[in-house]
Amino acid sequence: MEKAKKEIEELKKKIRYHNQRYYVLDAPEISDSEYDRLFQILLELEKQYPELKTPDSPTNRVGGKPGEGFSEVRHRLPMLSLDNGFNDQDIIDFQMRIQKFLKDDPFIDYLVEPKIDGLAVELVYEKGILKTVSTRGNGIVGEEVTQNAKTIMTIPLKLMEPVGAMFIPDLLEVRGEVYMEKDAFSRLNSDRKKRGLPVFASPRNAAAGSLRQLDPRVTARRPLNMFCYGTGIITDSKFETQDELMTCLQQWGLRVNRPYFKLCQTINEVMDYCHHLEEIKSQFPFEIDGAVIKVNRLILQERLGWKSRSPRWALAYKFRSLQETTRLIKIDVQVGRTGALTPVGHLEPVEIGGALIKRATLHNQDEINKKDIRELDTVIIQRAGDVIPEVVKVLKSKRTGRERKFIMPDRCPVCGADVVKKEGEAVLRCPNPDCPAQVRESLKHFVSKEAMNIDGLGDKTIVKLIEKGMVMEEADLYKLSFEDLLTIDKTKEKSAANLIRAIEKSKKTTLTRFIFALGIRHVGEHISRLFADHFGEFNRFRNAKREELTSVKGIGDEIADSVISYFEDVSNIRNINHLFESGIHFETMAYDSPSIVAGKTFVITGRLLSMKRSEAKELITRLGGRVGSSVSRGTDFLIVGESPGSKVAKAKELNITILDEDEFLRLS
Ligand code: IVH
């Protein structure tokens, strides 16, 4: 019996140690099977000697029998909330409030850390043994979820006593956030979907649902985790700072989000770090919805104290939410520049990240079917960066039965032409190039900032010009007179004159802008630049064969096909000819006048600083030169970078002009 007791104690110690290595430090020292073996031996021994099984045994994690609901736990210190801030000013105000309250202007530093989007729990350790775990509840009374929480491997059942660390207090209340990682959340949901079960709306809901499971065996199968961020009561606490407290929690074996804690000396540093966290928030494997700023020195925390709901010494800086819930009032169909029909959802206006959102793209029928989007549905809308807002999901539980399914039309809603669908594409298209919607959208694109940049020609004027029959194709813009513009209602003389000037100015452009302005399918700004750089002049691009197009780095079959079919269309050629007739011309670029490089042979040796070897080669070729691999009598120039090879001697021998990198750049 004594021998078994000793063995059990040793096994428990070992398993605890390896749990810590594996779950908390992410640095296991033994294989999974070795761990399982230790665990099995312990299980066996405890079965043999049930009287030796203690509540802190790691075998207790697998979960006991289902309970009858949860009992209540009264928190010794209330678990309150945090004040929220949304911008820099709120952070500055927070600091001012603190300074004003403290009056004596002490040194204040701040500990800033990610705000985890999960649910708050409290762990109570008595003499280092985990006794109870409870949820926040209403802050005063929470639910006891000890059995479930024990299945979370990063929650130690017994605190560690590392050498040099503070001794373990009689009573330690640790607070933190239980959460589910994003990956685990999607796996859980797709598994539930497969089994016909309702899915969780967010990782936070999934975490809360899992922790509050009546059957701990279910919780055990859900991958939950925990970060500790604070404490309730600690007997005999001698800590001076929040930072120090966190380090000690870590030494006791509790998990804290240490790499992302930052100690800031100034409020500017605080703001910078908050912005930084916001920028990298999607890189975290779990959801973070803000940053928590805490006064670091505990003595100041004490002096600042609490208001009714929240401490004066902390602030939650909340990131802008990029998702909101609203109602989809109606779906209509827009026809784009290339004839693509796009279903667009009209929304009850909702503010997301500072912008009022009224519409969201629904992409195509397949997307609508996949997400089962119906008119009058309540939907979650997402806006990320400059991307057009879209529907993330439908809240089906909010359906009333009045929602209407939507089917894409088989005719163009603008010109009535029968729509077509290419094999393998999800998009429907209006095949009529004279469709007023396509003409309008092409014109909008042509005049846009990145294309011909005709300032002052807004969407409304374009629509009027088309309605009045003044503009049918792009080239017509260059025929407009001052008087023509005045016939458009509300156009004042001054803006008409400005517009004429802007149109005139746009005639001098670059080849990249012009190619982009044509609106060839799949040829965006970047691709236009590749073509302009490669071909140098418009006619070489226009007459290029398929092989030449695909020989340009970055151009594939789809783009080449699209360019070919664009130039096969006579109406496009007619429009282009009209544009050149109206005076479109290109800013002179190096390759417009024959460069000194043209016709010459270059060899490169050594490492160039301003560009890669491949880029230098591309530049020379573009300017009409050739690049050889070895120096010979046929070589005109040797370009010499850092650490050159034997080619320099050879060039000197043959009396070949040697250029350093700067000289080469000036030449090109
Ligand atoms: S400190 C007085 N630090 O945010 C409460 N809270 O909105 C002190 N939370 O109830 C909390 N991450 O559940 C703190 N790093 C963090 C946090 C954090 C998430 C939660 C916590 C709290 C809620 C307040």
Side-chain angles (χ1 to χ4, degrees), residues 75-86 90-91 94 97-98 110-123 133-143 145 149 152 154-155 173-182 202-205 207-208 211-212 224-234 239 241-243 245-247 249-250 254-264 270 273-274 276-278 280-281 284-298 300-302 304-321:
H75 303 296
R76 290 185 181 86
L77 285 179
M79 288 180 77
L80 299 179
S81 188
L82 288 172
D83 279 352
N84 289 329
F86 298 93
D90 292 343
I91 297 177
F94 165 65
R97 274 198 306 275
I98 289 176
Y110 299 91
L111 193 70
V112 185
E113 60 192 75
K115 182 170 187 298
I116 317 290
D117 195 12
L119 72 149
V121 298
E122 179 171 71
L123 318 176
V133 181
S134 53
T135 62
R136 174 174 180 269
N138 62 10
I140 309 292
V141 177
E143 282 170 329
V145 289
I152 301 176
T154 42
I155 299 181
E173 294 177 344
V174 183
R175 290 168 178 189
E177 203 81 352
V178 166
Y179 66 92
M180 188 181 284
E181 291 203 346
K182 292 187 261 191
S202 66
R204 191 237 297 246
N205 285 0
L211 192 64
R212 299 183 60 260
L224 294 178
N225 212 336
M226 179 178 182
F227 275 126
C228 303
Y229 54 65
T231 49
I233 291 176
I234 319 179
F239 300 103
T241 64
Q242 180 80 21
D243 196 27
L245 176 62
M246 290 301 111
T247 304
L249 291 189
Q250 210 171 359
L254 292 150
R255 187 164 173 260
V256 304
N257 200 0
R258 174 53 86 186
Y260 293 98
F261 283 7
K262 187 172 162 74
L263 199 56
C264 300
V270 169
Y273 190 57
C274 287
H276 172 68
L277 286 177
E278 182 155 17
I280 62 163
K281 77 166 194 183
F284 285 88
F286 40 82
E287 302 266 5
I288 67 170
D289 61 344
V292 184
I293 309 164
K294 298 172 187 172
V295 168
N296 188 37
R297 289 165 62 200
L298 300 181
L300 295 182
Q301 285 192 7
E302 219 167 275
L304 286 158
W306 297 69
K307 297 184 288 179
S308 62
R309 277 190 59 247
S310 53
R312 281 193 197 86
W313 46 265
L315 180 76
Y317 168 81
K318 296 289 280 273
F319 298 154
R320 281 161 176 249
S321 152

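We count ligands from 1, going down the list as the structure has it; atoms in each ligand are counted the same way. Keep in mind that what you see is a predicted model, and the values were worked out from it rather than measured.
- Between Phe284 and Phe286, the ring-plane angle classifies as tilted under the 30° and 60° cut-offs.
- In this structure, the protein non-hydrogen atom closest to atom 12 (N) of ligand 1 is Ile116 N, 3.0 Å.
- Listed by atom number, the atoms of ligand 1 under 4.0 Å from Glu177 heavy atoms are 9 (N), 13 (O), 19 (C), 20 (C), 21 (C).
- The side-chain hydrogen bond (donor to acceptor under 3.5 Å, both in side chains) with His75 is formed by just one residue from the set Glu122, Arg136, Arg175; it is Glu122.
- Numbered from 1 in the order shown, with element, the atoms of ligand 1 that lie under 4.0 Å from a heavy atom of Ala120 read 13 (O).
- Close contacts between ligand 1 and Pro311 involve ligand atoms 2 (C) [criterion: under 4.0 Å to a heavy atom].
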Given side-chain contact (heavy atoms from CB on, under 4.5 Å), test Lys294 with Tyr229 step by step and report yes or no. CA-CA 11 Å; Lys294 298 172 187 172; Tyr229 54 65; 3.8 Å; yes
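- If you check each of Leu80, Leu119, Leu111 against atom 10 (O) of ligand 1, the one with the closest non-hydrogen atom is Leu80.
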Using the rule given for side-chain contact (heavy atoms from CB on, under 4.5 Å), can you reason through Trp306 versus Leu77, listing the C-alpha separation, both sets of side-chain angles and the distance that settles it, and then say yes or no? CA-CA 12 Å; Trp306 297 69; Leu77 285 179; over 6 Å; no
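- Within the 4.0 Å heavy-atom cutoff, Gly118 does not count among the residues contacting ligand 1.
- Among all non-hydrogen protein atoms, the one lying nearest atom 8 (C) of ligand 1 is Leu82 CD2, 3.9 Å.
- Applying the 6.0 Å contact sphere to CZ of Arg212 captures no more than 12 heavy atoms from other residues, nucleotides or ligands.
- Below 4.0 Å from some heavy atom of Glu113 lie the following atoms of ligand 1, by number and element: 3 (N), 15 (N), 16 (C).
- A side-chain hydrogen bond (donor to acceptor under 3.5 Å, both in side chains) with Asn225 is found for one member of Glu177, Glu181, Arg255 and no other, namely Arg255.
- Under a 4.0 Å heavy-atom criterion, Lys294 is in contact with ligand 1.
- Close contacts of ligand 1 with Ser81, meaning ligand atoms under 4.0 Å from a residue heavy atom, involve 2 (C).
- Contact between Trp306 and ligand 1 is present, with at least one heavy atom of the residue lying under 4.0 Å from the ligand.
- Residue contacts with ligand 1: Ala314 is excluded, as none of its non-hydrogen atoms falls under 4.0 Å.
- Remark: the backbone N or O of Val295 is paired with a side-chain donor or acceptor of Gln301 at under 3.5 angstrom.
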Determine, stepwise, if the pair Arg258 / Asp243 fulfils salt bridge (Lys or Arg N to Asp or Glu O under 4.0 Å). CA-CA 9 Å; Arg258 174 53 86 186; Asp243 196 27; 2.9 Å; yes
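- Ligand-side atoms of ligand 1 in range of Pro114: 15 (N), range being under 4.0 angstrom from any heavy atom.
- Considering only non-hydrogen protein atoms, atom 21 (C) of ligand 1 sits nearest to Tyr229 OH, 3.0 Å.
- Around atom CZ of Phe86, more than 12 heavy atoms belonging to other residues, nucleotides or ligands sit under 6.0 Å away.
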